Amino acid sequence: MRIILLGPPGAGKGTEAELLVKHYHIPHISTGNIFRALYKDNTTVGKIAKEYIDRGQLVPDDITNEIVRNRLNHADAKKGFLFDGYPRNVDQAAWFDELLIQKEWKLDAVINIYVPDEVLIERISGRRVCESCGAVYHVTNKKPNVEGICDVDGGKLIQRADDMEETVQRRLRVYNEQTEPVIGYYQNKGAIVMIDGTQSIKEVDTAIKKVLGEMN
Ligand code: ADP
Ligand code: ADP
């Protein structure tokens, strides 16, 4: 199964991706997670990416696309994949189409999770992530068992620097200007499913699995 999850920052892509990849046994490919890991590992690419991420801007396409190409060369991607946070502009989408043609792979589904801005802001401002493993929580919607501590590995829960209010506004603008047109790009190709992301985490999961079940 080859899936792309689209949606604005805070829509629940990462949260739903975790549930879906467990069910379908495919790798979760989040370009945001890859950039954060590259930065943590002190790599040059990671440092460059962080400058853009902290400003709420997109990392340049040549860097991002190359990361995607490398990731898809790993053996596990032969089983399929779920992209979360990529493509994020129309040029990335067109580049990715070319890559899929080269690999003779077809997408099974493009899913767009839509959520109004006021809900996005509430979700992003309450988002907390594990400093060591990156697991995602929310101060009211998805609490850990012990406040401030990750259920998975006991790591400390922190707020992402780019989740601070000022950067969030910039990210929402970047989304509207650059990422939203990706929906139209896939609509023109006749293949996109719209999911109401204001439902509970479980309800969104059920809605996505229903659609994927009907497609396969
Ligand atoms: P994205 O990857 O699209 O930026 P996340 O999956 O990180 O979004 O979710 C953003 C925040 O909202 C997180 O704190 C998460 O726990 C919370 N969240 C995700 N989905 C829902 C939902 N359906 N209802 C309420 N809160 C949610
Ligand atoms: P969210 O969906 O919550 O906005 P992500 O973790 O997907 O967060 O992305 C965090 C940041 O990483 C983005 O704001 C952007 O700077 C960078 N990034 C992630 N994916 C891409 C991409 N496909 N193209 C360019 N930049 C990206």
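FYI, the numbering just counts along the sequence from 1. On a predicted model such as this, the values are computed, not experimentally measured, just so you know.
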* Between atom CD1 of Ile192 and atom CG of Asn112, what is the distance when rounded to the nearest 0.5 Å? -> 5.0 Å

* Evaluate the ring planes of Phe81 and Phe83, with Trp represented by its six-membered ring, and classify them as parallel (under 30°), tilted (30 to 60°) or perpendicular (over 60°). => perpendicular

* Asked: Applying the 4.5 Å side-chain criterion to the ILVMFWY set and letting contacts propagate, would Val193 and Leu82 be lumped into a single cluster?
  -> yes

* Less than 4.5 Å apart, any side-chain heavy atom of Val68 and any of Thr31? -> yes

* **Ile183/Val110 under side-chain contact (heavy atoms from CB on, under 4.5 Å): CA gap, chis, key distance, verdict** => CA-CA 9 Å; Ile183 299 173; Val110 180; over 6 Å; no

* **Flag, side chain of His138 to backbone of Thr140, donor-acceptor distance under 3.5 Å** => yes

* How close do Gly14 and Asp84 get, heavy atom to heavy atom, and via which atoms? -> CA-OD2, 3.3 Å

* Structure fact -> Per side-chain contact (heavy atoms from CB on, under 4.5 Å), Lys209 is matched among Asp205, Val211, Thr206 by Asp205

* Asked: Can you hop from Val174 to Val90 via hydrophobic side chains spaced under 4.5 Å?
  -> no

* Determine, stepwise, if the pair Lys103 / Asn73 fulfils side-chain contact (heavy atoms from CB on, under 4.5 Å). => CA-CA 10 Å; Lys103 289 190 171 282; Asn73 285 337; 3.1 Å; yes

* Around Lys79, counting heavy atoms of other residues, nucleotides and ligands shown, do more than 12 lie under 6.0 Å from its NZ? -> yes

* Quick one: are Asn65 and Asp91 in side-chain contact, heavy atoms under 4.5 Å? -> no

* Would you say the side chains of Asp97 and Tyr185 form a donor-acceptor pair under 3.5 Å? -> yes

* To do: Output, in order, the C-alpha distance, side-chain angles, deciding distance and verdict of side-chain contact (heavy atoms from CB on, under 4.5 Å) for Arg128 and Lys142.
  => CA-CA 9 Å; Arg128 298 292 181 271; Lys142 191 172 187 280; over 6 Å; no

* Where is the tightest heavy-atom contact between Val115 and Thr198, given as atom of each residue plus distance? -> CG2-N, 4.2 Å

* Single-linkage hydrophobic cluster Ile4~Ile113, side-chain heavy atoms < 4.5 angstrom -> no

* Criterion side-chain contact (heavy atoms from CB on, under 4.5 Å) on Ile26 and Arg2, from CA distance to verdict -> CA-CA 8 Å; Ile26 50 177; Arg2 300 189 190 98; over 6 Å; no

* Could you tell me the separation between the CD atom of Glu131 and the NZ atom of Lys156, rounded to the nearest 0.5 Å? => 5.5 Å

* Between atom CG of Asp117 and atom CD of Glu122, what is the distance when rounded to the nearest 0.5 Å? -> 13.0 Å

* Would you indicate whether the side-chain heavy atoms of Val204 and Leu19 approach each other to under 4.5 Å? => no

* Structure fact -> With sequence neighbours left out, the residues meeting ring pair (Phe, Tyr, Trp, His ring centres under 6.0 Å) with Tyr24 are none

* For Leu157 and Pro144, which heavy atoms make the closest approach, and how far apart are they? -> CD1-CG, 3.6 Å

* Ignoring hydrogens and geometry, is there a side-chain-to-backbone donor-acceptor pair from Gln178 to Tyr175 under 3.5 Å? -> no

* To do: List the atom of Ala161, the atom of Asp54, and the distance in Å for their closest heavy-atom pair.
  => CB-OD1, 4.2 Å

* Please answer whether the main-chain N or O of Leu38 pairs with a side-chain N or O of Thr43 as donor and acceptor at a distance below 3.5 Å. => yes

* Asked: Distance-only, no hydrogens or angles: does the Glu104 side chain make a donor-acceptor pair with backbone N or O of Ile101 under 3.5 Å?
  -> no

* Asked: What are the two closest heavy atoms between Ile124 and Gln159, and how far apart are they?
  -> O-NE2, 4.4 Å

* Can you measure from CG (Leu6) to CD1 (Ile195) and round to the nearest 0.5 angstrom? => 12.0 Å

Kindly list each side-chain donor-acceptor pair under 3.5 angstrom involving residues 164-173, sequence neighbours excluded, with atom names and distances?
{"unit_1": "Arg170", "atom_1": "NH1", "unit_2": "Arg55", "atom_2": "O", "d": "2.4"}
{"unit_1": "Arg171", "atom_1": "NH1", "unit_2": "Asp162", "atom_2": "O", "d": "2.6"}
{"unit_1": "Arg171", "atom_1": "NH1", "unit_2": "Asp163", "atom_2": "OD1", "d": "2.9"}

* To do: With the side chain counted from C-beta on, respond yes when Trp95 and Leu99 share a heavy-atom pair under 4.5 Å apart, and no when they do not.
  => yes

* Results of ring pair (Phe, Tyr, Trp, His ring centres under 6.0 Å) for Phe35 - residues two or more places apart only -> none

* salt_bridge(Asp151, Lys143) N-O dist < 4.0 Å -> no

* Asked: In terms of hydrophobic clustering (I, L, V, M, F, W, Y; side-chain heavy atoms under 4.5 Å; direct or indirect links), are Ile53 and Leu58 co-clustered?
  -> no

* Structure fact -> To the nearest 0.5 Å, atom CD1 of Ile111 lies from atom CD1 of Ile3 at 5.5 Å

* Structure fact -> What one should report as the nearest heavy-atom pair of Cys133 and Cys150 is SG-SG, 3.8 Å

* Straight-line distance of Arg36 CZ to Asn33 CG, nearest 0.5 Å -> 5.0 Å

* Asked: Between Lys13 and Leu5, is there a donor-acceptor pair closer than 3.5 Å when you use the side chain of the first and the backbone of the second?
  -> no

* Tyr114 atom OH, over 12 foreign heavy atoms within 6.0 Å -> yes

* Asked: Counting distance only, does the side-chain N/O of Lys40 pair as donor-acceptor with the main-chain N or O of Ser132 below 3.5 Å?
  -> yes

* To do: Following the transitive rule for hydrophobic clusters with a side-chain heavy-atom cut-off under 4.5 Å over Ile, Leu, Val, Met, Phe, Trp and Tyr, establish whether Leu120 and Ile201 coincide in one cluster.
  => no

* Looking only at atom types and distance, does a side-chain atom of Gln92 sit under 3.5 Å from a main-chain N or O of Arg88, one as donor and one as acceptor? -> yes

